[in-house]
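These notes concern the structure reproduced below.
All residue numbers in this chain count up from 1 along the given sequence. Because the structure is predicted, anything quoted here is derived from the model rather than measured.
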Amino acid sequence: MQFFRGVMGGQIAGPQPSGAETIQKLCDRVASSTLLEDRRDAVRALKSLSKKYRMEVGTQAMDHLINILQTDRSDSEILGYALDTLYNIICNDEEEEQDESEDAVTPLPVSGKRKNVSMPDENAQKGADDLGAQFTDKFIQDPEHITLLLTLLEEFDFHVRWPGVKLLTALLKNQGVQVQGIILVSPMGVSRLMDLLADSREVIRNDGLLLLQQLTKGNAAIQKIVAFENAFERLLDIITEEGSSDGGIVVEDCLLLLLNLLKNNSSNQNFFKEGSYIQRMKPWFEVGDDNSGWSAQKVTNLHLMLQLVRVMVSPVNSPGASASCQKSMYQCGLLQQLCTILMATGVPADILTETINTVSEVIRGSQVNQDYFASVNAPSNPPRPAIVVLLMSMVNERQPFVLRCAVLYCFQCFLYKNQKGQGEIVATLLPSTIDANSISAGQLLCGGLFSADSLSNWCAAVALAHALQDNLTQKEQLLRVQLATSLGKPPVSLLQQCTNILSQGSKVQTRVGLLMLLCTWISNCPIAVTHFLHNQENVPFLTAQISENLGEDERLVQGLCALLLGICIYYNDNSLENYTKEKLKQLIEKRIGKENFVEKLGFITKHELYSRAAQKPQPVFPSPEQMLFDHEFTKLVKELEGVITKAVHKSTEEEKKEEEVKKTLEQHDNIVTQYKELIREQDAQIQELKEQAASMASQNEQMQTTLTQQLSQIQQHKDQYNILKLKLGKENQSQPTSQGEGSQMNGLQTEELSQLREELEELRKQHSLLQTQLSDKVALISTLKSEAAQTADGPAGGSDNTELLQELEALRSQVQSQSTEITQLKTERQDLLRKAGAVSSDTVPTSDGSLDAAKMAELEGRLAAQTSETERLEEELKRLSGSRAELEQQLASSTSTVAILQTERSKLQTEVQESKKEQDDLLMLLADQDQKIHSLKQKLKDLGETVEDEDDLDARDQTDDDDEEDEDED
């Protein structure tokens with residue numbers, strides 16, 4: 001304990017050990033102590049020395065500290081000390097390295113030098129950065145150390161998780177690429193870090209945001225994983241909880257992390273859009289009427305929010321992705337909210353500038369958004385279009401430079417691929433549309449074009465050039481613009497006024513802007529070239545400018561003059577005799593020289609500001625003097641430089657050959673065009689005929705289907721008619737009394753009738769059998785009676801005879817009941833025989849014959865009508881000119897007839913079912929009778945009487961019948 005007391009600041013006697021010796025002893029203590037308390041105290045002492053003796057602790061104790069992290073996982077306190085110590089030796093943050101003691105200069109025994117901690121110079125800071133990088137390299141030599149650190153982050157204990165987050169952040173700051181690679185291949189590495197955002201302790205959550213910022217820098221794979229770990233949802237929730245734009249530094253950290261995830265990552269941008277997160281950005285930009293006193297943090301937050309919107313619609317994104325985001329921003333009202341900020345008062349200048357840039361990219365190339373922006377009015381009296389208000393700021397030299405650049409960019413984006421907007425701007429310059437009582441965009445552009453401020457000249461010239469970009473109609477319309485220069489003088493054209501100012505030798509920036517405007521104006525417009533060459537002073541001025549040997553500042557002007565003259569050659573239609581292509585080339589060869597002309601033309605692309613302007617559409621310049629090139633103009637130069645060079649070097653014969661080839665090609669093109677038009681017409685006719693044929697085929701199929709159905713129904717009617725005819729023929733031969741009952745059998749099929757006959761024959765046989773058995777039983781009873789009478793006459797059988805007589809009386813009553821049942825069965829049998837006879841009888845009815853004949857005639861009439869109807873339908877189908885409505889009517893009538901016949905058939909089938917049921921009941925009665933006879937036989941057997949089998953009884957009955965017949969004869 002005396003040793004630790006000395007380390008922790010206690011007073012001990014004797015010489016003080018050096019820092020390196022103390023650290024060595026502490027490292028030995030950490031490595032050799034078996035007690036956890038001793039190791040914990042040693043690590044705590046190393047932590048207290050790690051800021052002052054960073055080099056010594058890092059070189060001697062790092063391995064021991066890592067070993068502590070691996071072996072003492074159960075003690076959170078020692079883990080926290082070890083992580084804090086590693087953080088102190090790895091972190092390069094100056095604030096974290098400052099000594100908390102009152103001494104500004106602390107002596108360190110490192111190589112015999114002193115280190116100033118509180119006020120390090122640049123060399124010391126650079127050395128500290130190198131030291132942090134060296135210790136980081138040593139720590140990540142084994143990737144398992146990063147994996148171990150990720151595992152420790154799962155600990156919920158604050159003293160372990162927080163220093164672990166800070167340590168991993170420091171590692172990423174020093175060696176981001178290597179650490180990112182290790183975390184990327186670590187199982188669930190990124191997911192563990194994403195869990196930090198859900199920590200309820202704000203300190204850990206906020207430092208987790210800083211960690212994820214470092215983790216996602218420049219690594220698209222990790223950015224995608226973080227995004228798919230629901231990062232957007234969590235970050236937007238945090239921003240909302242913290243107060244959106246009014247929030248603190250945490251909102252800024254969330255926005256920076258969102259920018260890392262979305263910038264130049266098309267996959268995450270699409271995921272952000274598809275997840276409907278753009279809609280959640282709209283409330284960020286809701287500002288009140290009182291916009292005074294914005295805090296610096298609010299300005300920073302809103303600036304980052306605007307950058308986030310710009311990332312989604314940046315011109316460097318794919319056109320499809322940007323267009324989709326632009327559409328979503330308009331539909332959810334985000335564009336409308338941005339325009340509200342644009343026209344609001346009291347908004348800070350830098351926020352207003354960034355808002356203008358954001359609106360520019362939201363409307364760039366989107367016709368719907370551009371139309372909406374054109375309809376926005378400023379809250380002034382009278383209301384003015386937002387475009388006019390912005391142009392007023394652009395041509396006002398007292399406005400900030402960055403704001404004027406933003407307005408120019410907004411105007412360029414409004415006109416990008418917007419021919420409707422270009423026409424509206426040019427129309428404000430035409431004489432028929434000028435309103436003297438209001439300020440228009442065209443008036444502001446002309447005013448800026450001819451003002452004394454060179455920056456206004458340049459901006460107005462570039463803005464007007466964008467109104468003509470790739471729009472031949474507006475280039476020709478702009479030739480009509482006339483300007484009044486002074487009283488008493490005739491008006492001059494806008495084209496002439498531009499060349500006049502150009503020849504007056506104004507500032508380089510003004511001349512560059514005017515030359516870019518003229519080059520854009522007359523390119524690909526032979527009429528404008530003719531108007532330009534019609535002024536006799538223009539060509540001599542251009543040749544003089546190109547041929548002179550001027551300074552470095554004038555080289556760009558010479559190159560643009562060469563480009564303008566080259567355009568006059570390339571797009572010349574030879575309508576002016578003095579300035580044909582050939583004469584202009586001869587003039588160049590005599591006055592300038594072809595090689596010199598091409599060299600001067602190359603001055604444009606060799607200029608140092610040309611490549612910067614060609615990189616992106618937004619005009620971003622460090623100073624107004626460097627504002628020389630426009631992005632769209634660099635595309636025009638790239639397109640025309642080569643063709644102009646070829647046009648100047650071509651000889652007259654080559655040009656004649658080319659013209660002949662062009663004429664031939666034009667003739668061929670005209671012929672091809674004619675054939676194409678003829679083919680288009682024939683294709684249209686063929687398509688129309690195909691549609692008609694398809695329609696006729698479909699109608700044919702429908703009529704064929706209808707005809708097939710009709711034929712099938714007619715066949716069914718014929719079959720039913722034949723059956724009915726057969727039934728009616730049989731009914732005409734039956735008895736009049738059975739007419740009603742026989743009519744119920746008309747719907748029976750032949751198979752059912754034969755089956756019924758078979759069942760009837762079987763019932764007859766059973767009934768005859770029962771009759772025979774009954775007669776046998778009667779004979780047996782009479783025999784028993786005679787035997788009983790003989791027995792009654794005997795002297796010894798008085799009591800026995802009495803019992804027999806009683807039993808005999810009981811048997812008689814049973815026989816009588818049996819006789820009654822048999823009588824009923826006979827009656828039912830007669831009814832059944834009468835019904836069957838009505839079907840099979842051959843007698844002819846006498847009373848209803850006329851009715852049957854009428855029915856037959858009616859059915860035959862219906863069948864004839866159906867046959868004629870079918871024949872007429874077949875004829876109409878062959879000609880394909882019948883009416884569909886008439887066919888449907890005829891089909892309906894046939895359907896009703898079928899329904900009537902089907903109803904009659906169902907009634908007949910119901911009556912057959914009832915007849916079958918009656919037969920089943922009769923069979924049940926016969927079965928019951930047989931059962932009762934069987935029981936009587938059994939009782940006779942029980943009485944001791946001999947009951948013969950059925951065969952013997954049949955023979956005996958036959959004998960008895962013969963005897964009875966003999967008696968009757970006697």
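Of the options Val512, Leu560, Val462, a side chain to side chain contact (heavy atoms under 4.5 Å, CB included) to Phe633 is made by Leu560 and by none of the others.
Heavy-atom contacts from other residues, nucleotides or ligands closer than 6.0 Å to CD1 of Ile527 number 12 or fewer. For Gln367, the CD atom counts as densely surrounded, since its 6.0 Å shell holds more than 12 non-hydrogen atoms of other residues, nucleotides or ligands. For NZ of Lys583, the number of neighbouring non-hydrogen atoms (other residues, nucleotides, ligands) closer than 6.0 Å is greater than 12. The neighbour count for Glu286 CD, taken as heavy atoms of other residues, nucleotides or ligands under 6.0 Å away, is above 12. Other residues, nucleotides and ligands contribute only 12 or fewer heavy atoms inside 6.0 Å of the OH atom of Tyr570.
Minimum interatomic distance between Trp284 and Leu302 (heavy atoms only, all atoms of both residues): O-CD1, 3.9 Å. Residues Met329 and Val362 share a closest heavy-atom pair of SD-CG2, 3.9 Å. Shortest non-hydrogen contact noted between Ala613 and Thr634 is CB-CG2, 4.2 Å. Here the closest non-hydrogen pair linking Asn260 and Lys217 is ND2-CG, 3.9 Å. Between Leu468 and Lys475, the shortest heavy-atom distance links the atoms O-CE, 3.2 Å. The two residues Leu483 and Cys446 have their closest heavy-atom pair at CD2-SG, 4.3 Å.
A salt bridge is absent between Lys635 and Asp470; no separation between the charged side-chain nitrogens and carboxylate oxygens falls under 4.0 Å. No salt bridge links Glu361 with Arg364; every basic N to acidic carboxylate O contact stays at or beyond 4.0 Å.
Side-chain contact between Asp573 and Val529 is absent, with no heavy-atom pair separated by less than 4.5 Å. Using a 4.5 Å cut-off on side-chain heavy atoms (C-beta onward), Ile501 and Asn457 make no contact. Side-chain atoms of Tyr571 and Ser523, non-hydrogen and from C-beta on, do get closer than 4.5 Å to each other.
How far NE2 of His303 is from CD of Glu252: 11.5 Å, rounded to the nearest 0.5 Å. The NZ atom of Lys600 sits 7.5 Å away from atom CD1 of Ile592, with the distance rounded to the nearest 0.5 Å. Atoms CE and CZ, on Met281 and Phe272 in that order, are 5.0 Å from each other to the nearest 0.5 Å. Summarising the geometry, atom CG belonging to Leu587 is positioned 5.5 Å from atom OG1 belonging to Thr543; distances are rounded to the nearest 0.5 Å. Interatomic distance, OG1 of Thr510 versus CG of Leu502, reported as 10.0 Å (0.5 Å rounding). Taken from NZ in Lys646 to CD1 in Ile644, the straight-line distance is 12.5 Å, to the nearest 0.5 Å.
Side-chain contact of Asp453 with Ser451: a donor-acceptor pair under 3.5 Å is absent, judged by distance alone. At a cut-off of 3.5 Å, with distance as the only test, no side-chain donor of Arg310 or Gln307 sits close to an acceptor on the other residue. For Gln496 and Asn500, the side-chain atoms include at least one donor-acceptor pair closer than 3.5 Å. Side-chain N/O atoms of Gln422 and Asn418 include no donor and acceptor closer than 3.5 Å.
Although no hydrogens or angles enter the test, the distance criterion places a donor-acceptor pair under 3.5 Å between the side chain of Asn301 and the main chain of Ser245. No donor-acceptor distance shorter than 3.5 angstrom exists from the side chain of Ser456 to the backbone of Gly448, with no hydrogens or angles considered. Although no hydrogens or angles enter the test, the distance criterion places a donor-acceptor pair under 3.5 Å between the side chain of Gln370 and the main chain of Cys413. Panel note: side chain Gln269, backbone Leu262; a donor-acceptor pair is recorded below 3.5 Å. At least one donor-acceptor pair closer than 3.5 Å links the side chain of Gln558 to the backbone N or O of Glu548.
Judged as a side-chain hydrogen bond (donor to acceptor under 3.5 Å, both in side chains), the pairs with a partner in residues 320-337 (not counting sequence neighbours) are, in order, Lys273-Ser324.
By the salt bridge (charged side-chain N to carboxylate O under 4.0 Å, His left out) test, Glu554 is found to be paired with Arg511, residues two or more places apart in sequence or in another chain being considered.
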